[in-house]
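In what follows, a single structure is set out as structure tokens and then discussed.
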2 protein chains.
Amino acid sequence: MASSRFAVAVHVLALLARAGDVPVKSGEIARSVNTNPVVIRRILCALSRARLVVAQRGASGGAQLARTPARIKLSEVYRAVECGSPFSLHPAPLRRCAVGRNICAVLERVQGEVEGAIERALAKISLQDVLDELQACGAQGAKRDR
Amino acid sequence: MASSRFAVAVHVLALLARAGDVPVKSGEIARSVNTNPVVIRRILCALSRARLVVAQRGASGGAQLARTPARIKLSEVYRAVECGSPFSLHPAPLRRCAVGRNICAVLERVQGEVEGAIERALAKISLQDVLDELQACGAQGAKRDR
DNA sequence: CCCAAATGTAACTATATTGGTTACATTCTG
DNA sequence: CAGAATGTAACCAATATAGTTACATTTGGG
């Protein structure tokens, strides 16, 4: 089961970007994503640990981007909220078999190649690129909603 | 939860490669992988549908590679047994929000980039490469076990 | 020609992950 | 200091995965 945390995280960051420097509350974000505020806070928490957003507690708190959208790469977002590899190794192959004994070492290298490929693909895309595409997609879109 | 089907599939194919043209039974494979024969048969079934192996039913049946190891790319194996994307889109963002309305289209493109990157990374590795690395890893390894 | 052995597959179970929800301690601001 | 927000724990439902049993189907050998 692939998680949707990355998708939600990008959605969240896009909303924060459009809000500029006014802090956005988890409840508002949750409405746009169409989920529960706690789910959003969990994502925000991960993004905050990764230094991509800053959250302010207390009354009139909320979250803002920690950097300009051009300086946030999707690879950082991915690392912040997903586990990394699209497949895992099998637990305990038979050690008294030439294949079973060594296959995991080989597969770990393959796993490394794949993770690197994902990382590089996502490093090419910035949050600003996402905003630009959103703008292009929604050329018909209203400006004055949130 | 990332599945281990790809890892098991590569393990299975390596065993078939080493068996040459003698058919290997799911039970024998299961012993090396250290799992249940049905789990192996499920993987073999997917690999068979992808035309990577041929299975023979009935007494003295079993599975063999459908091609030489050099002509089997790990990208084909991955496609045969895994679902594709390491992340999924979130179900139903709010359509009356400029971001919510268009984010999924943008994310689908990102998803495409990532899937392409995985595909290309795995297309560079053949089953023969895996066999060579197994050999290198297990240079100390016995030849006469299965 | 049948029987043993193998695949293909359905059905069920246990376990883990994910996302949704409630609840609440903590931390701010006005 | 009161209200509002985050951070987080605890729980639940839904789903995916892998393991297991069971069995219909197929096939080759005696």
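Each chain gets a letter, A, B and so on, in the order the sequences are listed, and its residues count up from 1.
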Inset, instruction - Could I get the full list of salt bridge (charged side-chain N to carboxylate O under 4.0 Å, His left out) partners for B/R109, not counting sequence neighbours? - result: A/E133
Inset, instruction - Consider the side chain of B/R5, meaning its heavy atoms from C-beta on, and name the nucleotide among D/dT20, D/dA18, D/dG28 that approaches it most closely. - result: D/dA18
Inset, instruction - Could you pick out which residue, A/G27 or B/G58, lies toward the 5' side of DNA chain D when each is mapped onto its nearest nucleotide? - result: A/G27
Legend entry - Heavy-atom side-chain proximity of A/S3 to B/S88 below 4.5 angstrom: no
Inset, instruction - May I ask you to verify if any side-chain N or O of B/S60 is less than 4.0 angstrom from the OP1 or OP2 atom of D/dG28? - result: no
Inset, instruction - For the residue pair B/P86 and B/V114, establish whether any side-chain heavy-atom pair is separated by less than 4.5 Å. - result: yes
Inset, instruction - Following the transitive rule for hydrophobic clusters with a side-chain heavy-atom cut-off under 4.5 Å over Ile, Leu, Val, Met, Phe, Trp and Tyr, establish whether A/V39 and B/L89 coincide in one cluster. - result: no
Legend entry - Pairwise side-chain contact, B/V53 with B/Q64, heavy-atom cut-off 4.5 Å (strictly under): no
Legend entry - Atom pair distance, as rounded to whole Å: NE2 in A/H90 and C1' in D/dA18: 13 Å
Inset, instruction - Mind calculating the distance between CD (A/Q56) and C1' (C/dG30) to the nearest angstrom? - result: 14 Å
Legend entry - Residues from residues 38-50 of chain A lying under 4.0 Å of DNA chain D - heavy atoms: A/V38, A/R41, A/R42, A/C45
Legend entry - Presence of A/S4 side-chain N/O under 4.0 Å of C/dG19 phosphate oxygens OP1/OP2: yes
Inset, instruction - Figure out the CG/C1' separation between B/N36 and C/dA11, and round it to whole Å. - result: 14 Å
Inset, instruction - May I have the distance from A/Q64 (atom CD) to D/dT6 (atom C1'), rounded to whole angstrom? - result: 14 Å
Inset, instruction - From the options C/dC28, D/dA5, C/dA6, select the nucleotide whose nearest atom is closest to the side chain of A/A59. - result: C/dC28
Legend entry - Sub-4.5 Å side-chain heavy-atom contact between A/K73 and A/L122: no
Inset, instruction - Output yes when at least one side-chain N/O atom of B/T35 is less than 4.0 Å from OP1 or OP2 of D/dG19, else no. - result: yes
Legend entry - All side-chain hydrogen bond (donor to acceptor under 3.5 Å, both in side chains) counterparts of A/S26, not counting sequence neighbours: A/R41
Inset, instruction - Mind calculating the distance between CZ (A/R57) and P (D/dT6) to the nearest angstrom? - result: 10 Å
Inset, instruction - Using whole Å, report how far CZ of A/F6 lies from C1' of C/dT17. - result: 19 Å
